[in-house]
4 protein chains.
Amino acid sequence: MPSEPTAPQQRMRSAERRRQILDAAIEIVGRRGYYGFSVQEVAARCGLTVAGVLHHVGTKDQLLLALLDERDRRDAEAVPGLLASEEGERPGLARLRALVARNSTQPELVRLYSMLRTESLYEEHPAHGYFLARERRVLALFARCVAGEVGEEEAGPVARQLLALMGGLEEQWLRSGRSFDLVEQWDLAVARLLPAAGR
Amino acid sequence: MPSEPTAPQQRMRSAERRRQILDAAIEIVGRRGYYGFSVQEVAARCGLTVAGVLHHVGTKDQLLLALLDERDRRDAEAVPGLLASEEGERPGLARLRALVARNSTQPELVRLYSMLRTESLYEEHPAHGYFLARERRVLALFARCVAGEVGEEEAGPVARQLLALMGGLEEQWLRSGRSFDLVEQWDLAVARLLPAAGR
Amino acid sequence: MPSEPTAPQQRMRSAERRRQILDAAIEIVGRRGYYGFSVQEVAARCGLTVAGVLHHVGTKDQLLLALLDERDRRDAEAVPGLLASEEGERPGLARLRALVARNSTQPELVRLYSMLRTESLYEEHPAHGYFLARERRVLALFARCVAGEVGEEEAGPVARQLLALMGGLEEQWLRSGRSFDLVEQWDLAVARLLPAAGR
Amino acid sequence: MPSEPTAPQQRMRSAERRRQILDAAIEIVGRRGYYGFSVQEVAARCGLTVAGVLHHVGTKDQLLLALLDERDRRDAEAVPGLLASEEGERPGLARLRALVARNSTQPELVRLYSMLRTESLYEEHPAHGYFLARERRVLALFARCVAGEVGEEEAGPVARQLLALMGGLEEQWLRSGRSFDLVEQWDLAVARLLPAAGR
DNA sequence: TATGAATGAGGGTTCATTCAT
DNA sequence: AATGAATGAACCCTCATTCAT
């Protein structure tokens, strides 16, 4: 419905506006997933028209992908090398712990990935490919992180186990209203799973 | 004169039809979640009108809850006492293994719970309450299952870890196209997590 | 939705059931008119299925007409000769007052007629014909009621005025939550309109 | 190069379109009331999609209220001060007559108010509050109009009577296919009701 | 007498998208 | 950079009705 001409529409610079839109989308998609969120809602949160939002992001699907890219970009910027492992450096368990620690400060982000990871199990989900590739990459990274602790043929399964643990604990953490300390529980789990490494 | 031998009956009896509807819904909700599925799709799969489906289940929301109830009912019937633990009997690790084993034969079911569990993190999701309660119950059960293996103050955290592992491995299992043996990976994980119990 | 088999469905005799249905319908149609009422609502109020109601009344339209007939039948029975004026007897202002008095004890009934009278202004309303005929009859009756008080050529207009007054006051009476005495206001109005007659 | 001289413009400006929508709605609601009209019908009459109509008015309920506001706005504009009585000026019977006279030229408008006034007796009707307030205001105005003619304690009842008469006569006028002169009948009624004032 | 299954039509509303401005 | 008009498709749901039981 044509609304009253509202407060003098402040025009933003494109980059700024885009960031604002992606922020809003991250939060909303984190809550209700791809299928449950609407461009309308993003628009409302930004004080924009639906058409206004689309002007910046193109399409609902593109918005989703843009949002994932943006997250990756920001993460790479904020904690360089946390998820990457290009060089010859040998990441260890500390790396995994750092990851958990960082996530524990960003529940919103955790929500987003939880949501989309599960939703994208469906082959036609727009982020299906993204998360398939991501999981492969992450499993490989985790395997390298534990390479020093376990035998070669065990690295794969243990990486699986750690990834499962991480995701599962995060989900419980969210559902419980973050009523427990995520890092602490992670440490307990790792101590059990890789007892030799603790020392 | 006896009537024709009942041509391919169009009109079904209530229970039958309801089961058919719930089956279809389970599959679809498992793929796309509550937000992504439509009554229309269920109807199409059952050869019914949308109104026809609604005649049996009332509402989209009620369909979701009915579907969860139905699952519970069928599970309780098929493997009695798997999730329950009423009496004084002491469930152990075997119980957990049995659970994983059963799930490994029902990927569709696993999908459904994965999907809804995550989606229902959102407070206004129609199954939010259901999964909140369910997680509490399951954590309590798991804690009892490991009561014999670990100290009392450790039962809670370990239950968390096992639940996280179970969910996480299942998810990886689904995403990988079930390319690994779920029970095998579970055993490996448990062997690491509770080494003493292995024997 | 197929409901639980409820309390042992008491079967009623047809006439009884029909009366019950019409009673419910009178109340509901009185509130929301023909367009706003649904067979479903009537059914609910009678503890019947929609099909059950239709079994007794045939059709939504027929229900409406049946309901009007029933009202007329009951009125004729309860206060014989109130609206009729077949014989040579000369009805007077007392007759009109009796009418108002009776209505003042049956707000539900007043509601019904108010509602349908207005709704049926529309030519395609199922009760259009009914109320057209009714108004003619009533105007004729009213004219006879005031024949003794005013000149012949005035009887028509005065009948109009009295009918307008009656309907209008009743409507105000309903809207105000019956916060004034309908008969009293009627008397005041008549005293003004036909001053000579008062004595 | 100048563009073609604007082919029969499909896209309308907001105000224009809105007016068109409200006009259509007034007519339809006047015929069948709030419960009997559908947005679809309004859309069809405007050569728009349902979604198109909703784009301008928001909601079926909002359309109804917008329509009443619009009527008030137009009336206030066309015959300023007819229904208002802000200042110290003393309105008299002439004011009431002017009102009837105006209405007699706008049967459509009369229909609308007749319809909604009655329908909104129902407490949950979207215009219930509107007409409750309106009746209070109008009764107060009418009371002031006859303040010069009758004693103070009679003003209230007489206002009621006049309002009832006006509404009732209008309704008869509509049902009869406007077969009589509304103003003439009004004059007759007023002459009877307030004989002293005639002079 | 009454129900239960099923439908077809229509209800209002939401949504993503296009296009001109 | 952003809006506003408009659409087409989909959404869930309600309704009156039919038919077999």
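Convention: sequence-line order gives letters A, B, ...; per-chain numbering from 1.
Rounded to a whole Å, the CG atom of C:L63 is 14 Å from the C1' atom of F:dC15. Whole-Å rounding puts the B:Y35 OH to E:dA16 C1' distance at 19 Å. If you take CG of D:L64 and C1' of E:dG12, they are 15 Å apart, rounded to a whole angstrom. Between the C1' atom of F:dA2 and the CD1 atom of A:I21 lies a distance of 11 Å, rounded to the nearest Å. Here E:dG12 presents its P atom at 14 Å from CD of D:Q62, a figure rounded to the nearest Å. The separation between D:R32 atom CZ and E:dG11 atom P is 10 Å, rounded to whole Å. Computed from coordinates, the A:Y34 OH to E:dC15 P distance equals 14 Å when rounded to whole Å. Atom P of nucleotide E:dA6 and atom CD of B:E16 are separated by 10 Å, given to the nearest angstrom.
For the side-chain contact (heavy atoms from CB on, under 4.5 Å) criterion with D:V29, the lone passing option out of D:L63, D:L64, D:V42 is D:L64. The salt bridge (Lys or Arg N to Asp or Glu O under 4.0 Å) test with C:E16 is passed by exactly one of C:R13, C:R19, C:R18: C:R13.
The side chain of D:H55 places an N or O atom within less than 4.0 Å of a non-bridging phosphate oxygen (OP1 or OP2) of F:dA5. Here B:R18 does not reach the OP1 or OP2 of E:dA5: none of its side-chain N or O atoms lies under 4.0 Å away. Not one side-chain nitrogen or oxygen of B:R17 sits closer than 4.0 Å to the OP1 or OP2 atom of E:dG4. Within the structure, every side-chain polar atom (N or O) of C:H56 is placed at least 4.0 Å from both OP1 and OP2 of E:dT1.
Once rounded to the nearest 0.5 Å, the distance linking OG1 of A:T49 with CG of A:L54 reads 11.0 Å. Expressed to the nearest 0.5 Å, how far CD of A:E119 lies from OG of B:S114 amounts to 12.5 Å.
In this structure C:Y35 satisfies the ring pair (Phe, Tyr, Trp, His ring centres under 6.0 Å) test together with C:H125, sequence neighbours excluded.
In this structure, D:R134 satisfies the cation-pi test against D:Y113, with its NZ or CZ atom closer than 6.0 Å to the six-membered ring centre and inside 45 degrees of the ring normal.
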Subject >> Criterion salt bridge (Lys or Arg N to Asp or Glu O under 4.0 Å) on A:E70 and A:R73, from CA distance to verdict >> reply: CA-CA 5 Å; A:E70 175 71 3; A:R73 225 183 38 69; 3.3 Å; yes

Original post:
In dot-bracket notation, what is the pairing pattern of DNA chain F, taking Watson-Crick (N1-N3 plus N6-O4 or O6-N4) and G-U wobble (N1-O2 and O6-N3) contacts under 3.5 Å, with [ ] crossing and | for other strands?
Top reply: .||||||||||||||||||||

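Classification of A:E27 and A:R111 as a salt-bridged pair fails, no side-chain N sitting under 4.0 Å from a carboxylate O.
Few gaps surround CZ on D:R74; more than 12 heavy atoms of other groups in view lie less than 6.0 Å from it.
Along DNA chain F, the nucleotide nearest D:S14 and the nucleotide nearest B:V50 are compared for position; the residue whose nucleotide lies closer to the 5' end is D:S14.
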Please list, for nucleotides 8-11 of chain F, all pairs of protein and nucleotide N/O atoms separated by less than 3.5 Å.
from   : atom 1 : to    : atom 2 : distance (Å)
F:dC11 : OP1    : B:S38 : OG     : 3.2

